[in-house]
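Notes follow once the structure below has been shown.
A note on names: the letters A, B, ... follow the listed sequences, proteins ahead of strands, and every chain is numbered from 1.
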Protein chains: 2
Amino acid sequence: MSTAGDTPHRHRPPRVPRGQRRRHEILIVAERAFLGQGFTETTMQSIAAAAGASKETLYRHFKSKDDLLIEIVLARTAELRRALDGDVDSGAGMAAVLTHLGRNLLTAVTTPDTVALLRIVIAETVRNPDLGLSLYTAGPERTNRLLTGYLAAAKSRGEFHGDDAALAASLFLGSVLGNEPLVGLLRRPKHPMTAKAIEARVGEAVTLFMTRYAATPPGAAEAAPSRTG
Amino acid sequence: MSTAGDTPHRHRPPRVPRGQRRRHEILIVAERAFLGQGFTETTMQSIAAAAGASKETLYRHFKSKDDLLIEIVLARTAELRRALDGDVDSGAGMAAVLTHLGRNLLTAVTTPDTVALLRIVIAETVRNPDLGLSLYTAGPERTNRLLTGYLAAAKSRGEFHGDDAALAASLFLGSVLGNEPLVGLLRRPKHPMTAKAIEARVGEAVTLFMTRYAATPPGAAEAAPSRTG
DNA sequence: TTATAACCGTACTTATCGGTTCGGTTAGGG
DNA sequence: CCCTAACCGAACCGATAAGTACGGTTATAA
């Protein structure tokens, strides 16, 4: 009889490779499962099945289910960090930089995968505060810091007029995103924003920002700051 | 002799009332538990204990744990709806209305209870999409609609200059809130924003908005809309 | 006073799932 | 060719918690 190649018990899924590669494959499968159905809703058993593996193999590579999640989140945050860094140092004018940054940000925030990951992290932050913290510092906080730094530099170049670069940055980022993050978090799949809608929103947010904070065109009065409460 | 008030078996917690009142008490206790420790982390047993009740009583009043949560969320959203309605029709000037609305909103969003509820709903939205939807329509969407309506009216009064009231409203609300919602969701307790910080942020957001969208002071050029991409 | 319904405490049922163990199998390096 | 480590499948363990059942108790209304 055939020693290998046949179906020892039933039909066997195509043989999978060994070694360290297995680990990465599991990571991929698990991420897809978590993002697609949620963390709690995904069992280790189902991950094993989807990866054509056994639970023992899962636990050989990862200490626990939480550990598996942590690695996925960390990988994504690292990726996020990398993506954000490139956005600000393009040497273009302020409006262009803001537009570019805003577009990327809004696109990212309306991507289903991003939203799904965010939802999971928010939910698991109760049990594991580090998760939320790492995603926060790699995402929103980092973005704020980046833009704040850019604005401070722009100020010294005379491109930006404003007392508080950090506040201005936060205002801009908020105006770009609006409650789009919450939309994804609170409503099921839904069509993500169209590219056109994104463009419109970012454009208006940039205009809003520039109207107040860019160098005032010669001849116009300085932006009126006081509104008597 | 005292017919009641003694301790039949051991010491008994102060006798609790009967009837429909019990239901409301359970609701209160459960809400505190859910908000304080999270939904999954709270057992029906612990709610019963905290309410001085038995599980049977819980299940007499509520079909299931999910049912209990739903009622709590619905009660809160109703409350939210009520609170928001009063904010816009004060008849004051646009800057004042925006300031008032912004302050209330930012305060609400940085309140621990609000954040805790939001976190729960986001987490449970996977299993129960209606929860998220109801909170979304009662909260962010409603706020947007309200402000949009106000701006449209303001436009007809000549107080607001802008093509897209809905977009302007969303931009303002976004700039007021920034990523403050995410801060609460992703980082543990943390001190909520101080009243002073809230005031500063709202003030600047209002100024930003007014600079672009309010009637331009006589003599100044019309706000420059075009930035050649 | 008595019937009834809400109630308490406790124990039980049932189900899920993370994590472990084990016996047999397969791949790949020496 | 064979030894070893990674692997599979399946059974198992332990914990947790939702929901139910039950027997005894107390308030309240008739």
A side-chain contact here means heavy atoms from C-beta on lying under 4.5 Å apart; do A:T137 and A:R142 qualify? no
What is the distance from [atom1] of [X] to [atom2] of [N], rounded to the nearest Å?
X	N	atom1	atom2	answer
A:I26	D:dC7	CD1	P	7 Å
A:R21	D:dC7	CZ	P	12 Å
B:L58	D:dA17	CG	P	15 Å
A:R127	C:dC17	CZ	C1'	13 Å
B:R22	D:dA27	CZ	P	13 Å
A:F62	C:dG18	CZ	P	15 Å
B:R23	C:dC7	CZ	C1'	17 Å

Which pair of heavy atoms, one from A:A50 and one from A:V29, lies closest together, and at what distance? CB-CG1, 3.6 Å
Looking at [N], I'd like to know if its phosphate oxygens (OP1 or OP2) sit under 4.0 Å from a side-chain N or O belonging to [X].
X	N	result
B:S54	C:dT10	no
A:H61	D:dC7	yes
A:T57	D:dA6	no

So what does A:A48 touch, heavy atoms closer than 4.0 Å: a base, only the sugar-phosphate, or nothing? nothing
I'd like to know whether CZ of B:R32 has more than 12 heavy-atom contacts from other residues, nucleotides or ligands below 6.0 angstrom. no
Return the OG to NZ distance between A:S46 and A:K55, rounded to the nearest 0.5 Å. 10.5 Å
CE of A:M44 to CD1 of A:I47, rounded to nearest 0.5 Å, is 5.5 Å
Nucleic acid contacts of residues 39-47 of chain A, taken as heavy-atom distances under 4.0 Å to DNA chain C: A:T42, A:T43, A:M44
Options C:dC7, D:dG19, D:dC7, nucleotide nearest the side-chain atoms of B:K65: D:dG19
For the side chain of B:Y59, counting heavy atoms from C-beta on, which of D:dC7, D:dG19, C:dG18 is nearest? D:dG19
Base of D:dC8 paired with side chain of A:E56 (donor-acceptor, under 3.5 Å): yes
Is it the case that D:dG19 (base atoms only) and B:K55 (side chain only) share a donor and an acceptor within less than 3.5 Å, ignoring hydrogens and angles? yes
Quick one: is the NZ or CZ of A:K65 closer than 6.0 Å to the six-membered ring centre of A:F39, and within 45° of its axis? yes
Please step through side chain to side chain donor-acceptor pair (under 3.5 Å) for the pair B:R201 and A:S170, ending with a clear verdict. CA-CA 9 Å; B:R201 176 167 196 116; A:S170 179; 2.7 Å; yes
